[in-house]
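A short write-up of the structure that comes next.
The structure displayed is predicted, hence computed values, not measured ones. Quick note: residue numbers are just sequence positions, from 1.
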Amino acid sequence: ETPEDSAAQLVAEVGDALAAAEAQTVYTGKQAAREMVDYLEEAAKRRAAGGLVGWKTSADSLTEVMPLLPGQMLVIAMRSGGGKTSVACNGAQFTAAAGEPFGFHSVEMPVAELNLRLTSRVVDIHELDLLRGNGSDTDFALLNEYAAHIAGNPLFITKPAPTVEDVERKVRHLYAVHGVRYQAV
């Protein structure tokens, strides 16, 4: 086997072990009630400590309409150019800025371009000019200032993944290693 094959097999085995450790597919009424109470108590503890209970978007009204909580999945579906990535970028930026780790995974967009999309949501830069190589000194000054400002925010961006399994592996990794409960794909 090649080193890549061995590494892929190891990653698959670790993923299977993590899945098996978390796998509980049937709950008794008593177990389900305990899960519910634990879930709600943890949310209350996070709120009391000043932490986020759900993801945060740029507008409180939007946060209320899309109350994404840990362990839930929210699907935003619309035509191309409708703003799905923008909503996810806003949620990622505001959630990470509040100190809650956020993972962002794209299946098609390179890390640098995705980060530019994330950045352009909160910094007044000319994204298309920058992509065309026509960025101004002001654009680069704002980008450098922003990079220094957000260096401590717990925002994780992964390289594009070719398969659903690869995305799942990255999601599990960020959760297991960095405690990332909020993730956008």
hydrophobic_cluster_shared for [Y] and [X], side chain cutoff 4.5 Å:
X: Tyr182; Y: Val171; value: no
X: Val107; Y: Phe104; value: no
X: Leu155; Y: Val185; value: no

*asked:* Please enumerate all residues that pass side chain to side chain donor-acceptor pair (under 3.5 Å) together with Asp129, with sequence neighbours excluded.
replied: none

*List in chain and number order the residues that pass side chain to side chain donor-acceptor pair (under 3.5 Å) with His178, two or more places apart in sequence or in another chain; answer none if no residue qualifies.*
none

*Test salt bridge (charged side-chain N to carboxylate O under 4.0 Å, His left out) applied to Glu168 and Arg172, step by step*: CA-CA 6 Å; Glu168 179 185 13; Arg172 287 182 181 279; 3.3 Å; yes

Which atom of [X] lies closest to which atom of [Y], heavy atoms considered:
X: Gly103; Y: Leu174; result: CA-CD1, 3.9 Å
X: Leu114; Y: Met109; result: CA-SD, 3.6 Å
X: Val180; Y: Pro101; result: CG2-CB, 3.7 Å
X: Ala97; Y: Asn153; result: CA-ND2, 3.7 Å
X: Lys159; Y: Lys170; result: O-NZ, 2.6 Å
X: Ala161; Y: Asp166; result: CB-CB, 3.6 Å

*asked:* Using side-chain heavy atoms (C-beta onward) and a distance below 4.5 Å, is Phe102 in contact with Gln183?
replied: no

What's the separation between atom [atom1] in [X] and atom [atom2] in [Y], rounded to the nearest 0.5 Å?
X: Asn90; Y: Arg117; atom1: CG; atom2: CZ; result: 10.5 Å
X: Thr158; Y: Arg169; atom1: OG1; atom2: CZ; result: 9.0 Å
X: Ser106; Y: Ile157; atom1: OG; atom2: CD1; result: 10.0 Å
X: His126; Y: Asn134; atom1: NE2; atom2: CG; result: 11.5 Å
X: Ile125; Y: Leu116; atom1: CD1; atom2: CG; result: 5.0 Å
X: Leu143; Y: Thr138; atom1: CG; atom2: OG1; result: 11.0 Å

*So with a 6.0 Å cut-off around CG of Asp137, is the heavy-atom count from everything else above 12?*
no

